Amino acid sequence: VIALTAAASTGCSGDKFDKYGYENPQPIASEVYDFSDADGMKTDGVKDDKYGAEACYRLYDSGNSDIYVDSYLYFGDEGLHCFVSAHDKVLSYHHLRAVYQNTSVELFFNSATKPDGTDKLSIDRHTLQYRLDCGGKYAKMVGVGGKSTYVSSYFDSAHAVKLNGTLNGTDEEGFDAEVFIPWYELG
């Protein structure tokens, strides 16, 4: 080992490397992916008038009418806008837990039909999932060819979470979340 170290240290001359260099390319400007005002709607966790007054869907926790999620959709020129209002008395959150282990919502976005017009019953590469928790953490996933297989992945989007109370309280109102996904990400 000593002979190898000596050979390696004497075989390199410092002046050989003076003429070499590398410069990192400029990063992509953040405004290229700035969707915070897409279709004239702020992605800020506050429900815009364009969503309308009535929820598209209301989902209840099984057997408990005090815990539910109202969801609103707006189909804009630039992409899909989704607003959800999660009503829950307990907002459980810890920054070291995974998103789905905190009080959270999971949103799935998928075309309901195949290009041939028939119903699509499986997850594909144009299926996107957004997980948002009450503390603002998120996870984004993109589907693959299987019926229930996802890979963690990146897709262009914007999101915001607004807390309606305090974290880890027991008599809270819940939280609101807003998501924007440009059309090109949905295929």
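Predicted, not measured: the structure shown is a model, and the values here were computed from it.
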Self-check item: Which residues share a side chain to side chain contact (heavy atoms under 4.5 Å, CB included) with D37, sequence neighbours left out
Solution: K42
Quiz item: How far apart are the closest heavy atoms of A158 and F35, and which atoms are they?
Solution: CB-CB, 3.9 Å
Quiz item: What are the two closest non-hydrogen atoms of H81 and G76, and how far apart are they?
Solution: CD2-N, 4.2 Å
Exercise. Assess whether side-chain contact (heavy atoms from CB on, under 4.5 Å) is satisfied between V105 and F175, documenting all intermediate values.
Key: CA-CA 10 Å; V105 293; F175 70 100; 4.1 Å; yes
Practice problem: Name the orientation class of the two ring planes belonging to F83 and Y51 (parallel below 30°, tilted from 30 to 60°, perpendicular beyond 60°). | Solution: tilted
Quiz item: Distance from K140 atom NZ to D156 atom CG, nearest 0.5 Å?
Solution: 7.0 Å
Quiz item: Nearest 0.5 Å, what's the OH-CG distance between Y57 and L73?
Solution: 7.0 Å
Quiz item: What pair of heavy atoms forms the shortest contact from P182 to S157, and how long is it?
Solution: CD-CA, 4.2 Å
Quiz prompt | hydrophobic_cluster_shared for V46 and L107, side chain cutoff 4.5 Å | solution = no
Exercise. Could you tell me which non-hydrogen atom of K50 sits nearest to which non-hydrogen atom of Y74, and how far apart they are?
Key: O-CD1, 3.4 Å
Quiz item: Do side-chain atoms of N102 reach the backbone of S104 as a donor and acceptor pair under 3.5 angstrom?
Solution: no
Practice problem: Would you indicate whether E78, at its atom CD, is surrounded by more than 12 heavy atoms from other residues, nucleotides or ligands within a distance under 6.0 Å? | Solution: yes
Quiz item: Are any non-hydrogen side-chain atoms of E185 and L80 less than 4.5 angstrom apart?
Solution: no
Self-check item: Pairwise distance OG1(T103) to NZ(K89) - rounded to 0.5 angstrom
Solution: 13.5 Å
Quiz prompt | For F155, all residues meeting ring pair (Phe, Tyr, Trp, His ring centres under 6.0 Å), sequence neighbours excluded | solution = Y130
Self-check item: Atom of V69, atom of V84 and distance for their closest heavy-atom approach
Solution: CG1-CB, 4.0 Å
Quiz item: Under 4.5 Å between any side-chain heavy atoms of C134 and E172, yes or no?
Solution: no
Quiz prompt | Atom of D44, atom of E178 and distance for their closest heavy-atom approach | solution = N-OE1, 3.0 Å
Quiz item: CG of N164 to OG of S85: how many Å apart, nearest 0.5 Å?
Solution: 6.5 Å
Quiz item: Should V99 and L167 be regarded as members of a common hydrophobic cluster, given that ILVMFWY residues are connected when their side-chain heavy atoms come within less than 4.5 Å of each other, either directly or indirectly?
Solution: no
Self-check item: Flag side-chain contact, heavy atom, 4.5 Å: H87 against D70
Solution: yes
Self-check item: D39 vs F180 side-chain heavy atoms within contact, under 4.5 Å
Solution: yes
Quiz item: Taking atom OH of Y100 and atom NZ of K137, what is their separation to the nearest 0.5 Å?
Solution: 10.5 Å
Quiz item: Under 4.5 Å between any side-chain heavy atoms of L59 and Y68, yes or no?
Solution: no
Quiz item: Any side-chain heavy-atom pair from Y93 and L91 closer than 4.5 angstrom?
Solution: no
Quiz item: Is it the case that one hydrophobic cluster holds both V179 and L163, taking links as side-chain heavy atoms less than 4.5 Å apart, direct or via other members?
Solution: yes
Exercise. May I ask whether L128 and Y72 are part of the same hydrophobic cluster, defined by side-chain heavy atoms of I, L, V, M, F, W, Y residues being less than 4.5 angstrom apart, directly or through others?
Key: no
Quiz prompt | salt bridge (charged side-chain N to carboxylate O under 4.0 Å, His left out) partners of D176, counting only residues at least two apart | solution = K162
Practice problem: Carefully, step by step, assess M141 and R131 under the rule side-chain contact (heavy atoms from CB on, under 4.5 Å). | Solution: CA-CA 9 Å; M141 285 153 282; R131 293 178 179 172; 3.5 Å; yes
Self-check item: Same apolar cluster: I181 and W183, side chain cutoff 4.5 Å
Solution: yes
